[in-house]
Each structure stands twice: as C-alpha cells, then as structure tokens.
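Shown next, in structure tokens, is the structure this report addresses.
Indexing begins at 1, ligand by ligand and atom by atom, following the structure's order.
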Amino acid sequence: MKESKKLWGGRFAADTDALAQAFNNSLGFDRRLWREDLANSRAHVRMLARVGVLAEEEAARILEGLDQIEREIEEGRFPWRPEYEDVHMNIEARLAELVGEVGKKLHTARSRNDQVATDLRLWLKGALFELVQAVRELRRVLVAEAERHLEAGTVLPGYTHLQRAQPILLAHWFLAYYWMLTRDQGRLEDARARLDESPLGAAALAGTSFPVDRFFTAHALGFARPMPNSLDAVASRDFALEALSALAILQATLSRLAEELILYSSFEFGFVELPDAFATGSSIMPQKKNPDIPELIRAKAGRVLGDLVTLFTVVKGLPLAYNKDLQEDKEPLFDAFDQALPSVRLLARMLPALKWNPEVMARAAKSGYALATDLADYLAKKGLPFREAHRVVGRVVQKLTREGRELEDLSLDELKGFSPLFEEDALSLLRLEEAIHARTSYGGTAPEAVRRQLREARGRLAEEEA
Ligand code: ARG
C-alpha cells in the first residue's frame, strides 16, 4: 500500500480510515467502463508515440499489455482490486504488473479527469445508439399493429378526462404513440450528436505542456472533434443531463402507454387481454391476472426522472473544474439506461401479442353518447351556429340520460322535436362507422386519413433505414 501510494495518484495513505476508503471507491459501478477505458488508453498511447513523447517500442509494449488486460477481463480472470479506487487505477496498476516500468508511462499527459469524462462520453454514445435502435423497433411494431387494425377496422372509444368522448380507430391510437416515440427517439439522437466531442487531452483542467494531438485521439475514438476548452471538457456533465432528460421524457411516454394497457385490460374496460407471458396471477385470488410488466414500466418513469434529478442536483452549483462529486454521475446514468432499454424492448414484444376485444370496444365506442358531437356538427352544417347546435344536442342527451336510453334508440320524430333541421340522414350519423368515416381532416381518425398517416409513418422509417 505504501509503495503504491507513491506511484499512483488518488490513493489513500496506508493508515486511512477503511470506511472512508470504501466510500471513496467507484470500482463497483465504473468497472462497466472498462472497454471504453481501454479504447481511451490505446488512442492515447498511439498518439504519444506519433508525437514522439513515447518511443515506438514503448508504445508497442503498452499496447500489448492492454490487449492482455482485455483478454483477462473478457475471460473473467482480471484481478479487480478494490484497494485501487476505480476502473482506471485498476487497469493502470495491472498494466505496470504486466509490462513493467514502461506501463507507468501510459498516464503521461493525461489525468483521470479527462480520462473519465472521455470514457463516459464514449459509453453514452454506445448506450444511446442501442436505445435508439430499440425505440425504432418499437415504432416498427406500432406501425405494423396500426396497419393490421386499420384493415380490421377495429374501433376504440377515444377519451378526454377519461370520459368517453368520440370514437376513433385503434390504428389511430397506435400511431399516436408512434409519433410520440418518433420525437423521443429524436431527442436521444440530438443528445448523442451534441455529446460527440472528445475531452481527452484536457488533462487535469488546463491542458498540458506535452505536444499532444487532441484531434488525433478524438478521431481515433470516433468523436467528431476535440472539445475546444480544457476546463469545460473536464467539468461539464450537461451531456449526461441532456441524455437523462431525453430518457425521462421517453419513459414518460412509455408510462402512458403502459397505463392505457393497464386500464384497458381491467375487468371494468375489458378491451384487451395481456398475453400470459407478460402478466402474473394472484397468489390468493384465482380470477386475477395482474399487469405487472406494464405497471413496472409505468413506475420506472418515476425512477428515471429520479436519476435525472439526482445528477441535476449533483452538478448544480459545482465550481469548475473536476470535483469528486462528479464521480456520482455514473450510477444514475447507468440506472436510467438499465430501466429504459428493457421497458422499450418489452413493449415491442408485448404489443403484437395483445388480444383485443373488438366487440366490447365497439359497444363502448358507441354508448355513452360518444356520437353527440356528430349530431351537433350536423346541425352546424345546416347553418345553426355551433354553440346553438351544442345546446340543442345537450338537451337530447339530457333526455336520453334521464330515460336510460342511447342515441341510437332515437326516432326521427323525436329528433325533429328538438330541432326541425333534423332529417332522415341524421339517423345514419348515429352509426359508428359513419362517425369515424366523417373525420377526414388531415391527422384525423377516418380510415382514409389514417391510411395517409400510416404512409407518412412508414416513409419516415424507410428514410431512417436508408
Ligand atoms: N473515480 C473518479 C470518477 O469517477 C475518477 C476521476 C478521479 N479524479 C480525481 N481527480 N480524483 O470521477
């Protein structure tokens, strides 16, 4: 311990409090960055050789050592040691064991401050890419489901205030989530594009007197460019906040979809049955099928938002540049991805396996006076000011409610009693198909409008795949 204290920064003195040392340690979670850390070191060493800070043979030895470390980690025989603070120190210490003194030259012109910021950006680029793929897959599923239900003409009551409002096509409902997720995906992509800059070479905070080539390392690591300010490079975590914000918004979308599945699969609604593979039975009530997976997806929105708030609070008010507080950036970030990715993937698997109940949905869509707007529109089209038409139909609904009847029970004579403008064709309006077919406005729920929407959604996906 004493000996290595001299060699490695970030170590406690041998007599340090054990609890303090454990508290300080980040290996338990930053071990996950090992691939990025190796990539970082390889780019750095090659650059040091190019600019003449390291001899070619020295660089070659170090690179061999790094290869060996990679094999050790992959095969599960790397000696992870908590007496070294983090993944960076563990790899560097092992390198010196494997290749000798020359291994201690790896850290020339680099600090763990630029190292960790670089590793984290690299990791985040990969994680965002994976999540974007998963969201795109979910969007494909939504489009496929929309298409299937457009063909079948499946109808769903549309709600406002969770009161039956107007009938819609189930395809229209699926596509609503498609567009929400299209924007969610766009936010993930934007965050990824903006964080695509390399902090490496910023060193501790002020840059370095070694003739480093930051453009070389940036490009070697696949970044678009090096960050132009060394202080910003090591101090900033806005890139992580931006990614977490995008994840929190995504998870909010997923939670709404999950919530609708929970409601619609309840006995009260009875619109849909969840596939057994995504629900559990109750241990005590034999009749129950619990929507555990959608419920967890709904709850994860709270957790991911919590991750965002955690990091936000850590970063707020921190003086430049690096502070140990920033070690706390990783767990919320990792956690948010660990919740969001399976949430997206599970929904993509669950949606095609849902068993919808079109008769129940159609019955619900037409009861509860969901077609009242159509009657009011009818009068408005005959010249009655809409507010007036609204009042007339309000009286119709009041009467029916009192008598426990539905709109479709109305006769033409009865209707005429409310307004002489009602004629034979008003009755056909009270058919569900009629009401849906009438809403042909762009973005509306009529089949022809939904077909057009579906084409746009498909076109969008095709563009992304091109
Ligand atoms: N474990 C640290 C972290 O995750 C690495 C950077 C340490 N830098 C320092 N100056 N102590 O942030």
Side-chain angles (χ1 to χ4, degrees), residues 1 4-13 16-41 43-44 69 73 78 80-95 104 106-127 195 198-208 217 221 227 230-241 243-244 307 310-338:
M1 284 289 255
S4 50
K5 159 79 178 141
K6 274 181 264 150
L7 295 177
W8 314 105
R11 297 282 314 267
F12 279 108
T16 304
D17 187 289
L19 185 56
Q21 198 167 330
F23 197 64
N24 191 53
N25 195 285
S26 57
L27 182 61
F29 49 86
D30 67 18
R31 193 193 282 220
R32 191 163 172 170
L33 297 173
W34 68 268
R35 279 181 200 285
E36 290 74 19
D37 201 64
L38 286 176
N40 181 329
S41 290
H44 183 63
I69 289 172
I73 299 177
F78 182 86
W80 294 106
R81 285 167 291 195
E83 59 269 34
Y84 296 105
E85 178 187 309
D86 50 29
V87 62
H88 324 291
M89 307 290 298
N90 265 269
I91 289 178
E92 206 186 324
R94 181 66 182 151
L95 182 68
K104 296 174 190 169
L106 167 63
H107 212 50
T108 312
R110 188 176 70 173
S111 153
R112 273 186 304 150
N113 299 349
D114 57 340
Q115 187 177 358
V116 72
T118 304
D119 288 2
L120 200 59
R121 281 178 187 258
L122 278 177
W123 182 87
L124 198 45
K125 276 181 72 178
L195 69 78
S198 174
L200 193 58
L205 75 164
T208 169
T217 48
L221 289 169
M227 293 180 76
S230 61
L231 208 52
D232 173 34
V234 292
S236 294
R237 294 295 183 272
D238 58 296
F239 69 92
L241 286 176
L244 278 175
D307 291 327
T310 297
L311 185 58
F312 218 115
T313 315
V314 165
V315 170
K316 182 209 160 290
L318 268 193
L320 303 190
Y322 180 85
N323 301 268
K324 192 62 176 236
D325 309 52
L326 292 177
Q327 179 167 289
E328 293 284 311
D329 59 359
K330 290 165 213 59
E331 284 172 291
L333 199 58
F334 293 159
D335 183 66
F337 278 90
D338 290 344

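Put simply, no part of Q115 is less than 4.0 Å from ligand 1, judged by heavy atoms.
Distances between N or O atoms of H88 and those of ligand 1 include no value under 3.5 Å.
Atom CZ of R81 sits about 11.0 Å away from atom CE of M89, to the nearest 0.5 Å.
Heavy-atom contacts of N113 reach the following atoms of ligand 1: 8 (N), 9 (C), 10 (N) (cutoff under 4.0 Å). Listed by number with element, the atoms of ligand 1 under 4.0 angstrom from any heavy atom of Q327 are 1 (N), 2 (C), 3 (C), 4 (O), 12 (O). Heavy-atom contacts of E85 reach the following atoms of ligand 1: 1 (N), 2 (C) (cutoff under 4.0 Å). Atoms of ligand 1 found under 4.0 Å from any heavy atom of D86, numbered from 1 in the order shown, are 1 (N), 2 (C), 5 (C). Close approach of ligand 1 to K330 is summarised as follows: ligand atoms under 4.0 Å from at least one heavy atom of the residue are 3 (C), 4 (O), 12 (O). Heavy-atom contacts of S26 reach the following atoms of ligand 1: 1 (N) (cutoff under 4.0 Å).
Counting only distance, with no hydrogens or angles, the side chain of D114 and the backbone of V234 share no donor-acceptor pair below 3.5 Å.
In the model, E85 has a side-chain atom that pairs as donor or acceptor with a side-chain atom of N24 under 3.5 Å.
Salt bridge K330/D86: absent, no basic N to carboxylate O contact under 4.0 Å.
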Can you check side-chain contact (heavy atoms from CB on, under 4.5 Å) on F239 and R237, steps first, answer last?
-> CA-CA 5 Å; F239 69 92; R237 294 295 183 272; 3.9 Å; yes
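E92 has its side chain out of reach of S41: every pair of non-hydrogen atoms, C-beta onward, lies at least 4.5 Å apart.
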